[in-house]
Amino acid sequence: MTAPHALPLAEAAALIAARRLSPVELLQSCLDRIAAAEPRLDAIIRLAAEEAMGDARAAEAEIARNGPRGPLHGIPVGLKDIIDLAGHPTTCHSKLQLDRIAAEDAHATARLRAAGALFPAKLATHEFAIGGPAFDLPFPPARNPWNPAHHPGGSSSGSGAAVAARMLPAALGTDTGGSVRHPASHCGLVGLKPTYGLVSRRGVFPLSFTLDHVGPMTRTVRDNALLLNAIAGHDPADPGSAPHPAEDYARDLHLGLKGLRIGFVRHFHEHDQPATPEMAAALEAAAMLLAAEGARVTTAILPPLGEFAGVNRTIMLPEATAIHEAWLRERPGDYAHITRRRLLPGMFVTGADYVQAQRRRRELVAAVEAAFAEVDLLLCASSMDPACRIDDAAEVERTYPRQARTPFNVTGHPAISVMCGLSREAGLPLGLQLVAPSFREALLYRAAAAYERAAPWKDMAPAV
């Protein structure tokens, strides 16, 4: 029998509903797995095992009386440590936040709690979700479960490592330039950046007010849709929250690809940021598989990656500076070197630069919308390389921006990363990206689920 911690979320939920697995047994299995794997991965900043076990016992009793509230009842979920959990520190992986105790749950946390989820761990991030893997912080950087010498992707690095290592069935991350999809790509997971505004960011330490997203990280597409069902919803207290009606994002997972038009944005990885041959071959193989499953795959053209990246930086940096300015002036030495180096350029972006970037942003949104007039979905690269060694600072710096995730933070369209290969040389996951029109997450999950069923990657797991 599969150990409870190794079960995908939906399978564990079905066993809990059938009274064949209890939330206490599931949580204890996850805690045992954490004890075995965490010393090699540094994915966890803070365990809340005792509190989570109390909640698991309460869930077990409630389910025995009334049945489960839904598929998340009794399921452990990890939180990136910029997301508030009431009564616990939200450290942001930083000296500057070690003593900040959250007074209440973040909106996404509260929605998960209402669905019956448990919260056994706060998970490693890059400092304030903008640094990189740094060794001059209060906590070490998370490592890749497929090979702990390698980077797991950032900045939702602990979320990616914990879910891939089967410590937890699911986690929340945040995504400002790709930080849910990056660790999903490098750790062989499913990671979604929802439509801007679909998930509230209240109670999440901000990096960029107009680029930040909260998104789910799971092992399967179905699990991801179930998590989004719980966290999506309008929040009047978040100015960026969208009043979108509730949906069942798992409703179309069985429909397959027949009749869907998919635009393959080849120039992202062929010309704008040339991918490794292995990554390029994996993307071509994925396009062929999507076509074999019934999709019509054509070539799509968008503005160059460099334009999206420039707009993202010119918006994100001054918005981050607005948050960090006082600390940067008064306590610069309390940041990691890499975080300080990434934040300081925001001091020199002018108001005119920011306004022009926002104007160009509207044009880039229009360009992507024009592409969706011709196709239902877009296919493109996520990262252009497999994960590099975590201790090779120069290679981390070189490969970090070699990606095609940032365009969809700029435009706000939903984008999902799923595993599309395994590097022969390094034995590390490769990931593709699918993108949909705004608020078409159900369509995105439909296509991702069809690819997941047809591809050979879904049952692969790291050996750590």
Side-chain angles (χ1 to χ4, degrees), residues 107-108 173-181 184 190-202 204 208-216 221 224-225 227-236 238-253 255 260-265 268 300-303 307-308 311-312 315-316 357-380 382 404-418 432-449:
H107 188 264
T174 65
D175 194 311
T176 304
S179 294
V180 162
R181 293 159 289 156
V190 179
L192 175 81
K193 182 203 76 64
T195 304
Y196 181 81
L198 184 63
V199 179
S200 172
R201 299 151 313 158
R202 179 163 56 89
V204 179
S208 173
F209 302 108
T210 68
L211 296 166
D212 288 348
H213 303 67
V214 176
V221 174
N224 210 274
L227 214 62
L228 185 64
N229 280 348
I231 63 175
H234 183 229
D235 175 14
D238 175 1
S241 181
H244 186 72
E247 295 186 48
D248 175 10
Y249 294 103
R251 67 182 184 269
D252 293 335
L253 297 181
L255 290 182
L260 291 183
R261 302 165 300 162
I262 298 178
F264 190 3
V265 191
F268 277 0
I301 306 296
L302 296 179
E307 291 195 30
F308 290 103
V311 167
N312 181 274
I315 293 171
M316 183 268 289
Q358 291 286 13
R359 292 180 64 191
R360 180 58 180 148
R361 181 186 201 173
R362 289 195 291 273
E363 295 170 352
L364 294 174
V365 171
V368 176
E369 293 288 350
F372 282 129
E374 304 296 327
V375 298
D376 301 302
L377 296 165
L378 296 171
L379 164 68
C380 63
S382 179
R405 296 176 289 268
T406 292
F408 310 108
N409 292 90
V410 171
T411 68
H413 293 96
I416 195 168
S417 176
V418 296
L432 60 78
Q433 191 174 199
L434 291 166
V435 188
S438 295
F439 301 107
R440 297 296 305 278
E441 278 81 0
L443 177 63
L444 199 56
Y445 283 133
R446 170 188 166 185

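Please read these numbers as outputs of a predicted model, since none were measured by experiment. The figures that follow rest on heavy atoms only: side chains count, while hydrogens, waters and symmetry mates do not.
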Under the ring pair (Phe, Tyr, Trp, His ring centres under 6.0 Å) test, residues paired with [X] that sit two or more places apart:
X    : value
H244 : F439
H107 : none
Y196 : H213

Taking salt bridge (Lys or Arg N to Asp or Glu O under 4.0 Å) as the test, write out the residues that go with [X], two or more places apart.
X    : result
E247 : R251
R361 : none
D248 : none
R360 : E307, E363

For a quick test of reading the model, state the closest non-hydrogen atom pair linking [X] to [Y] and the distance between them.
X    : Y    : answer
Y249 : A232 : CE1-CB, 4.1 Å
Y445 : P216 : OH-CG, 4.2 Å
Q433 : A415 : OE1-CB, 3.5 Å
T195 : P414 : OG1-CD, 3.3 Å
P194 : L192 : CD-O, 3.5 Å
D235 : S200 : OD2-OG, 2.6 Å

Got a sec, which residues hit side chain to side chain contact (heavy atoms under 4.5 Å, CB included) with [X], two or more places apart in sequence or on another chain?
X    : answer
T176 : L207, S208, L211, D212, M316
D376 : L260, R261, L443
S417 : R181, A184, S185, S382
A449 : V221, L253, R453

Which is it for L364 and L302 under the side-chain contact (heavy atoms from CB on, under 4.5 Å) test, yes or no, and what are the steps along the way?
CA-CA 9 Å; L364 294 174; L302 296 179; over 6 Å; no
Measure the shortest side-chain to side-chain distance between [X] and [Y] over non-hydrogen atoms and say whether it is less than 4.5 angstrom.
X    : Y    : value
F268 : L378 : no
Q358 : T210 : yes
C380 : F408 : yes
V368 : V410 : no

Holding to side-chain hydrogen bond (donor to acceptor under 3.5 Å, both in side chains), I want the full list of residues that pass it with R359, two or more places apart in sequence or in another chain.
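Per chain and number, R359 pairs via side-chain hydrogen bond (donor to acceptor under 3.5 Å, both in side chains) with Q356.
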Can you tell me how far apart [atom1] ([X]) and [atom2] ([Y]) are? Round to the nearest 0.5 Å.
X    : Y    : atom1 : atom2 : result
L377 : R446 : CG    : CZ    : 8.5 Å
L434 : L432 : CG    : CG    : 5.5 Å
R405 : N312 : CZ    : CG    : 11.5 Å
H413 : E369 : NE2   : CD    : 3.5 Å

Less than 4.0 angstrom from a charged side-chain N to a carboxylate O is my criterion; do R201 and D238 meet it?
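Yes, this pair counts.
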Is the backbone of D175 close enough, under 3.5 Å, to the side chain of N409 for a donor and an acceptor to pair up by distance?
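Yes.
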